[in-house]
Protein chains: 2
Amino acid sequence: MQQFTQNKLTPATDEQFVLDHQLCFMLYSASREMTKLYRPLLEKLDLTYPQYLTLLVLWEQNGITVKELGQRLYLDSGTLTPLLKRMETQGLLSRQRDKTDERKVIITLTQRGHSLKEEARCIPSALYSQAGQSPEVLARLFADMKELLAHLHQANLRQN
Amino acid sequence: MQQFTQNKLTPATDEQFVLDHQLCFMLYSASREMTKLYRPLLEKLDLTYPQYLTLLVLWEQNGITVKELGQRLYLDSGTLTPLLKRMETQGLLSRQRDKTDERKVIITLTQRGHSLKEEARCIPSALYSQAGQSPEVLARLFADMKELLAHLHQANLRQN
DNA sequence: CTAAATTCAATTGTGCACAATTTAAAATGG
DNA sequence: CCATTTTAAATTGTGCACAATTGAATTTAG
């Protein structure tokens with residue numbers, strides 16, 4: 001009987017465990033497919049997807065600390081330090097200790113870092129057209145996702 | 001003038017580049033926050049999130065190949081081979097070549113792999129309650145995400 | 001039947017993510 | 001003023017992701 005419920009031919013599936021019914025799996029796989037769609041465009045600029053997100057933040061607010069960058073991206077220094085070092089090596093930004101508080105490291109875009117913004121100008125619209133959804137659905141999805149993210153972030157803060 | 005548009009104090013932001021307006025970033029960060037919410041529950045079972053997803057597939061269809069598993073999870077052998085080896089070491093599954101086609105490797109759950117399903121029974125409902133969204137919004141979000149994923153997957157197939 | 005093409009898994013190498021720890025600097029409290 | 005605590009970044013170690021390549025088995029075409 002135990003064997004019976006484990007048989008792959010048995011259609012009596014555990015509804016709650018069906019992979020394709022899990023919201024978490026939709027998020028996980030859609031996020032990766034989205035990144036995959038960015039890849040060919042970002043490759044031309046010699047950027048990875050997390051590096052591109054980092055530039056989005058810096059184009060908004062140049063000269064912020066690693067900490068502040070991490071708060072925007074939900075990433076910690078363990079991820080950001082090596083990523084920023086690679087971007088520094090590529091000549092996109094500089095990392096220097098804050099003179100008034102030596103614990104902090106300030107990230108500043110180089111000329112090259114600034115100019116990449118113009119080379120990236122076509123990317124956002126190119127992606128939205130490839131998503132293949134109506135503006136209405138995309139707007140609703142975005143709003144729902146934003147609220148979900150806020151809830152998930154709060155829930156994780158409560159954990160610690 | 002060029003300097004002016006790059007000044008962090010200038011509120012004239014490039015609408016299309018604002019991080020918090022990017023659907024891709026919502027997906028990316030929500031997926032990671034969701035995984036973070038699973039972590040304490042999965043830790044009790046000594047599982048990572050991708051390993052849990054792998055078990056979801058195998059609980060549905062035991063005895064499938066690495067290829068088929070990858071098609072369900074949108075992952076390739078480069079990711080799955082080491083992951084499955086770790087799960088084999090933990091005694092959750094076995095990996096054996098298909099006798100009728102030696103190219104294929106068949107993944108079969110062990111007794112321990114099967115029994116983890118009962119230990120995981122509380123996880124799906126625990127997560128849905130922590131998402132903190134109404135069933136209506138969650139259902140809509142799930143449906144929209146599923147359609148988006150399908151489109152993104154198609155778009156990526158066209159790329160190759 | 002066999003040479004070429006295809007398929008499948010494994011391997012190699014790079015770049016994230018993230019928990020946990022370490023190091024140094026700054027803030028706080030007695 | 002100095003010991004304690006807190007904060008910020010870096011470091012260490014593990015486990016994904018994924019592109020690119022390799023190697024072996026199978027399929028296909030001539």
Side-chain angles (χ1 to χ4, degrees), chain A residues 25 27-40 42-43 46-54 64-71 73-90 92 95-107 153 156 159-160, chain B residues 25 27-40 42-43 46-54 64-71 73-90 92 94-107 156 159-160:
Chain A
F25 177 63
L27 292 173
Y28 167 77
S29 43
S31 173
R32 285 167 39 235
E33 292 294 312
M34 182 67 93
T35 303
K36 225 172 275 182
L37 213 49
Y38 271 91
R39 208 180 309 276
L42 295 178
E43 240 164 34
D46 248 303
L47 291 175
T48 65
Y49 181 69
Q51 288 168 8
Y52 172 68
L53 294 181
T54 299
I64 60 176
T65 65
V66 173
K67 175 83 175 177
E68 291 166 327
L69 189 55
Q71 285 168 343
L73 296 173
Y74 305 96
L75 290 172
D76 66 7
S77 67
T79 301
L80 288 175
T81 296
L83 180 148
L84 293 168
K85 281 182 178 175
R86 281 187 287 271
M87 292 179 77
E88 184 179 39
T89 301
Q90 288 195 248
L92 300 177
R95 303 158 57 247
Q96 46 203 333
R97 291 277 164 184
D98 185 341
K99 298 290 181 206
T100 70
D101 185 344
E102 291 278 346
R103 290 172 304 183
K104 300 179 181 173
V105 167
I106 295 175
I107 308 299
H153 187 57
N156 278 318
Q159 298 274 334
N160 316 327
Chain B
F25 177 63
L27 292 173
Y28 167 77
S29 42
S31 172
R32 284 168 39 236
E33 292 293 314
M34 182 67 94
T35 302
K36 225 171 276 183
L37 213 48
Y38 271 91
R39 208 179 309 277
L42 295 179
E43 241 164 33
D46 248 302
L47 291 174
T48 65
Y49 181 68
Q51 288 168 7
Y52 173 67
L53 294 181
T54 299
I64 60 176
T65 66
V66 173
K67 174 84 174 176
E68 292 166 326
L69 189 56
Q71 286 167 344
L73 296 173
Y74 306 95
L75 290 171
D76 67 7
S77 68
T79 300
L80 288 176
T81 296
L83 180 147
L84 292 170
K85 281 183 178 174
R86 281 186 287 271
M87 292 178 77
E88 184 179 39
T89 302
Q90 289 195 249
L92 299 177
S94 74
R95 303 158 55 246
Q96 46 204 332
R97 291 278 165 186
D98 185 340
K99 297 290 180 206
T100 71
D101 185 344
E102 291 278 347
R103 289 172 304 183
K104 300 178 182 173
V105 167
I106 295 176
I107 308 299
N156 278 318
Q159 297 273 333
N160 315 326

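A note on names: the letters A, B, ... follow the listed sequences, proteins ahead of strands, and every chain is numbered from 1.
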Give the ring-plane orientation class for A:Tyr74 versus B:Phe25, where under 30° counts as parallel, over 60° as perpendicular and anything between as tilted.
parallel

Distance check: side-chain N/O of B:Arg86 vs OP1/OP2 of D:dC16, anything under 4.0 Å?
yes

Which is more 5' along DNA chain C, the nucleotide nearest B:Glu33 or the one nearest A:Glu102? Just name the residue.
B:Glu33

Given C:dC16, D:dA17, C:dC18, identify the nucleotide with an atom nearest to the side chain of B:Arg32.
C:dC18

Taking the side chain as everything from C-beta on, heavy atoms only, tell me whether A:Gln90 gets closer than 4.5 Å to A:Gln51.
yes

Parallel, tilted or perpendicular: which one describes the rings of A:Tyr38 and A:Tyr52, with boundaries at 30° and 60°?
tilted

Are any of the side-chain heavy atoms of B:Leu42 and B:Thr48 separated by less than 4.5 Å?
no

Check whether any side-chain heavy atom of B:Leu92 sits under 4.5 Å from a side-chain heavy atom of B:Thr54, and report yes or no.
no

So A:Leu75 and B:Arg32, do their side chains get closer than 4.5 Å, heavy atoms only?
yes

To the nearest Å, give me how far apart CD (B:Gln71) and C1' (C:dA9) are.
13 Å

Below 4.0 Å: OP1/OP2 of D:dA17 and any side-chain N or O of A:Tyr28:
yes

For the helix from C:dC1-D:dG30 to C:dG30-D:dC1, what is the angle between the axes at its two ends, each from 5 pairs, rounded to 10°?
20°

To the nearest angstrom, the CG-P distance between B:Asp98 and D:dA25 comes to 13 Å

Length of the CG-P vector between A:Leu75 and C:dC18, whole Å:
6 Å

Along nucleotides 3-11 of chain D, 5' to 3', which nucleotides get a B, which get an S, and which get a -, given that the test is a protein heavy-atom distance under 4.0 Å?
----BSBBB

Judged by nearest nucleotide, the residue sitting upstream toward the 5' end of DNA chain C, A:Thr48 or B:Glu43, is A:Thr48

How long is the line joining OH of A:Tyr74 and P of C:dC18, in whole Å?
12 Å

Excluding sequence neighbours, so at least two apart, what forms side-chain hydrogen bond (donor to acceptor under 3.5 Å, both in side chains) with A:Arg103?
A:Asp101

A:Asp46 CG to C:dG15 P, in whole Å, measures 10 Å

Taking A:Lys85 first and then A:Glu88, would you say they form a salt bridge - that is, a charged N and a carboxylate O separated by under 4.0 Å?
no

Could you state the CG-C1' distance from B:Leu47 to D:dT14, rounded to the nearest angstrom?
15 Å

Write down the distance between NZ (B:Lys36) and P (C:dA17), rounded to a whole number of angstrom.
11 Å

Any side-chain heavy atom of B:Leu83 sitting closer than 4.5 Å to one from B:Arg86?
yes

In whole angstrom, give the distance that lies between atom CG of A:Asp76 and atom P of C:dT22.
17 Å

